[in-house]
Amino acid sequence: MPSYADVVMQDVIARNPEQKEFHQAVHEVLSSLGPVLDRHPEFRKAKILERIVEPERVVMFRVPWQDDRGEVQVNRGMRVEFNSALGPYKGGLRFHPSVNLSIIKFLAFEQTFKNALTTLPMGGGKGGADFSPRGKSDAEVMRFCQSFMNELFRHIGECVDVPAGDIGVGGREIGFLFGQYKRLTRRFEGVLTGKGLNWGGSLMRPEAAGYGQVCFVEEMLKTRGKSLKGARCVISGSGNVAQYACEKVLQLGGKPVTFSDSNGFVVDEDGIDAPKLAFVMELKNVRRGRIKEYAAKYPKANYVELDGKLDHNPLWQVKCDVALPSATQNEINAVDANNLVKGGCFCVSEGANMPTTPDGVNVFLEANTLFGPGKAANAGGVATSGLEMSQNAMRLNWSREEVDRRLHEIMINIHETCRTTAEKYGTPGSYVNGANIAGFLKVAHAMMDQGLV
Ligand code: NDP
């Protein structure tokens with residue numbers, strides 16, 4: 001007889017056809033829950049699973065704007081408010097041509113459990129648009145953001161739904177979005193996180209996801225008596241998460257050797273040191289150039305153009321001790337995971353959301369690789385957004401040391417919660433099960449307490 005979780009999974013597939021990424025994210029959580037559902041028959045009676053896989057609200061809207069040539073452009077915007085059992089909806093906005101409902105639903109679903117793990121009072125949500133900021137002028141990005149907010153403002157608020165950045169949405173976009181929200185509502189409130197430091201932002205928010213991801217590595221390594229000192233690290237992506245992961249690796253004495261973007265990757269056998277990282281930050285955050293330019297600036301580095309026809313990404317053939325996938329979903333498949341293991345990689349910490357396919361995860365688990373799933377390993381980003389919300393609510397700013405201390409404490413707690421929960425439910429060492437079960441229990445208990453809403 002199929003289990004309760006299997007029945008719900010089949011229903012999710014039937015009711016949301018074609019939403020592959022969403023199916024993948026739901027399956028990943030449900031497949032950890034068997035022992036929990038056995039111990040808590042009340043969840044089945046209250047149809048907690050059926051409710052938890054259904055977003056509370058989905059908003060989809062037209063975003064018309066004019067480009068610099070005067071041409072009219074139309075994009076599709078959306079916000080998925082998935083679960084508010086633990087607090088106002090919280091989660092980023094993604095501007096990327098690949099954005100669709102399946103991707104935003106998977107991200108919002110994941111976000112619900114990730115936010116629960118932080119122990120801060122935040123529900124789960126995510127949003128975005130199929131708009132690419134790449135190659136657009138600042139004026140075009142501003143007009144797009146203003147048009148996007150002309151609809152989104154109706155659905156958000158400091159106690160309702162608090163978006164942040166994600167792929168394609170950084171400080172520049174958050175500024176334009178906030179300005180338009182303020183103009184429309186006449187309210188200067190903490191409705192977005194990732195704001196500029198002199199108008200309500202939190203110190204350490206830009207660093208948080210990457211720093212937290214590497215802190216999670218340190219905690220995992222400690223369980224085997226290892227550390228990052230001297231460890232070769234392969235990093236994918238070259239955006240916000242990747243840059244600060246690299247910075248933290250350097251602080252802890254590791255050796256980052258790669259960066260990538262959607263066109264290709266660079267390998268620098270001499271190591272990416274602080275001045276080289278500063279070059280990448282300027283290249284990506286100011287000049288908005290391509291990672292290929294790194295190899296032009298540092299000729300000893302090698303640039304490899306991606307070939308979409310391959311069944312694998314040669315980036316993951318670069319030998320390393322630690323892998324830090326920090327670009328996008330499904331960037332490590334089973335072939336890539338095998339290549340990493342063969343190359344000696346013994347620790348993977350997911351900075352991106354769901355960067356490893358289910359087959360890839362199985363390869364890591366079978367090889368006894370330390371594997372930190374995104375919803376635990378990259379929770380430092382949203383945790384610091386939660387700290388930004390607290391500071392906004394109190395109308396004061398904490399020092400860098402204060403935010404850093406709290407972030408560090410939260411990451412250590414998340415690691416410990418995942419480790420002990422995995423043990424308690426019979427799968428010691430599985431951070432995947434630990435994260436899924438601990439996040440689920442917190443949300444499920446809150447839903448039970450709040451009745452049928
Ligand atoms: P950025 O936009 O700053 O950087 C994204 C990076 O990933 C860029 O180098 C980009 O290259 C690359 N990338 C994006 N899409 C693809 C693709 N389809 N194929 C290959 N490379 C791609 O985003 P972030 O650094 O903020 O986000 C990276 C990941 O981390 C995402 O999965 C996000 O959800 C996750 N995350 C982010 C948090 C945050 O606080 N920012 C918090 C937690 C998770 P290119 O320039 O060519 O597009």
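Every number for a ligand or one of its atoms is a count from 1 in the order of the listing. Source: prediction; values computed, not measured.
- Not one N or O on the side chain of Q391 forms a donor-acceptor pair closer than 3.5 Å with the backbone of G200.
- In this structure, Q180 contributes its side chain and L177 its backbone to no donor-acceptor pair below 3.5 Å.
- With I410 as the partner, the side-chain contact (heavy atoms from CB on, under 4.5 Å) test is satisfied by one option alone out of N413, I412, I414: I414.
- Shown here are the side-chain hydrogen bond (donor to acceptor under 3.5 Å, both in side chains) partners of S326, two or more places apart in sequence or in another chain: Q213.
- Pocket lining of ligand 1, defined as residues with a non-hydrogen atom under 4.0 Å away: R94, H96, R134, D166, I167, G168, R205, A209, G237, S238, G239, N240, V241, S260, D261, S262, R290, S326, A327, T328, G351, A352, N353, N378.
- With K255 contributing its side chain and E269 its backbone, the two residues share a donor-acceptor pair below 3.5 Å.
- Annotation: cation-pi pair K276/Y298 present, NZ/CZ under 6.0 Å from the ring centroid and within 45° of its normal.
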